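Okay, so here's the structure we're looking at.
Worth saying up front: this structure is predicted, and the values here are computed from it rather than measured.
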2 protein chains.
Amino acid sequence: MPDAYDMLFRTLADPTRRAIFERLCRQGEQTVGALTSQSGVSQPAVSKHLGVLKHAGLVRDRHEGRQTHYSAQLGALAPLMDWTREMAGFWESRFDDLEDLLKRMDQ
Amino acid sequence: MPDAYDMLFRTLADPTRRAIFERLCRQGEQTVGALTSQSGVSQPAVSKHLGVLKHAGLVRDRHEGRQTHYSAQLGALAPLMDWTREMAGFWESRFDDLEDLLKRMDQ
DNA sequence: TTGACGTATAACCACAGAGATATATGTTCG
DNA sequence: CGAACATATATCTCTGTGGTTATACGTCAA
């Protein structure tokens with residue numbers, strides 16, 4: 001069962017795509033043309049990346065005349081923070097167990 | 001320039017590999033054999049994944065006789081939390097700017 | 001309506017990498 | 001030493017996907 005985090009991790013794994021997302025986070029809403037001009041890849045490539053980001057819920061698009069404006073949807077990062085915290089939590093609880101064990105051994 | 005987060009994201013993007021890492025987080029140190037038995041893939045595949053995880057600093061190995069024990073290195077997740085927080089931070093600061101703007105417009 | 005523009009889609013290519021099997025390396029035991 | 005075991009490495013295959021160019025679609029201006 002590919003868990004819910006899967007799409008998120010895979011979407012953010014590509015450097016070009018992550019750069020696009022970061023740019024949207026830093027500088028807010030951008031048109032496809034603006035994003036393309038600094039991405040180092042072709043416009044169709046950027047559109048494809050934006051499609052993947054949108055499918056993962058990381059961006060939303062807004063049509064205005066013949067341009068499309070994209071913006072970051074930070075809420076979609078929540079599962080990423082949850083996962084990280086969960087992993088850290090497991091680590092800590094095992095650490096606590098170890099502490100307990102050592103304390104008990106100490107008596 | 002592929003930033004430092006790159007290896008981390010790419011390492012965690014594969015579901016099988018992430019499952020192995022999660023298992024090490026949840027259940028602590030494990031041998032290759034134990035990890036293989038529940039991974040659904042062959043032992044060489046598991047070894048390769050462990051190699052990638054190790055290269056990314058996410059696990060460490062401990063040799064004991066003919067077995068190798070692997071354990072999670074949670075510290076390696078710090079950049080992931082940093083990145084997430086940074087992105088959220090950008091979002092918030094832009095939100096604050098918007099708030100400011102609205103307040104100023106309100107006067 | 002025609003043409004320029006902005007973006008999306010189609011079709012194709014190239015390569016990374018995840019998987020398998022076979023085998024090498026190293027370890028314990030008889 | 002020789003055999004069984006635990007893991008790592010070598011080699012190959014094949015799918016997924018990121019990139020390209022060409023083109024279709026929708027919008028604005030004249």
Worksheet item: Aromatic rings A/Trp83 and B/Phe21: how do their planes relate, parallel, tilted or perpendicular, breaks at 30° and 60°?
Response: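 Ring orientation of A/Trp83 relative to B/Phe21: tilted.
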
Whole angstrom value for the distance that separates [atom2] of [N] from [atom1] of [X]:
X: A/Asp6; N: D/dT17; atom1: CG; atom2: P; result: 10 Å
X: A/His69; N: C/dA8; atom1: NE2; atom2: C1'; result: 16 Å
X: B/Leu35; N: D/dA6; atom1: CG; atom2: P; result: 14 Å
X: A/Asp61; N: C/dG6; atom1: CG; atom2: P; result: 18 Å
X: A/Ile20; N: C/dT7; atom1: CD1; atom2: C1'; result: 14 Å
X: A/Gln67; N: D/dA29; atom1: CD; atom2: C1'; result: 15 Å
X: A/Met7; N: D/dG16; atom1: CE; atom2: P; result: 17 Å
X: A/Asp14; N: C/dG17; atom1: CG; atom2: P; result: 11 Å

Interatomic distance, [X] atom [atom1] to [Y] atom [atom2] [nearest 0.5 angstrom]:
X: A/Leu35; Y: A/Leu24; atom1: CG; atom2: CG; answer: 5.0 Å
X: A/Leu50; Y: A/Asp61; atom1: CG; atom2: CG; answer: 8.5 Å
X: A/Leu12; Y: A/Glu22; atom1: CG; atom2: CD; answer: 9.0 Å
X: A/Met87; Y: B/Arg18; atom1: CE; atom2: CZ; answer: 9.0 Å

Discussion item. With nearest nucleotide decided by heavy atoms, which residue, A/Arg10 or B/Gly33, maps closer to the 5′ end of DNA chain D?
Written reply: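 The 5'-side residue here is B/Gly33.
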
Discussion item. B/Arg10 vs A/Asp14, test: salt bridge (charged side-chain N to carboxylate O under 4.0 Å, His left out). Steps then yes/no.
Written reply: CA-CA 7 Å; B/Arg10 301 204 342 162; A/Asp14 182 76; over 6 Å; no

Practice prompt. Please assess B/Arg60 against B/Glu29 for the test salt bridge (charged side-chain N to carboxylate O under 4.0 Å, His left out), listing each intermediate value before the final yes or no.
Written response: CA-CA 10 Å; B/Arg60 62 185 291 273; B/Glu29 198 180 66; 5.3 Å; no

Discussion item. Using a strict heavy-atom distance below 4.0 Å, which residues from residues 36-60 of chain A are in contact with DNA chain D?
Written reply: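 Within residues 36-60 of chain A, the residues near DNA chain D are A/Val41, A/Ser42, A/Pro44, A/Ala45, A/Lys48, A/His49.
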
Worksheet item: Backbone N or O of B/Thr36 within a donor-acceptor pair of the B/Ser39 side chain at under 3.5 Å?
Response: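 Between the backbone of B/Thr36 and the side chain of B/Ser39 there is a qualifying donor-acceptor contact (under 3.5 Å).
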
So, OP1 or OP2 of [N]: does either fall under 4.0 Å of a side-chain N or O from [X]?
X: B/Tyr70; N: D/dA8; value: yes
X: A/Thr31; N: C/dG6; value: no
X: B/Thr68; N: D/dA8; value: yes

Fill in: Any B/Gln73 side-chain heavy atom under 4.5 Å of B/Val59 side chain
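No, too far: nothing below the 4.5 Å cut-off.
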
For nucleotides 24-26 of chain D, list the nitrogen or oxygen atoms of the protein found under 3.5 Å from its nitrogen or oxygen atoms, one pair per line.
none

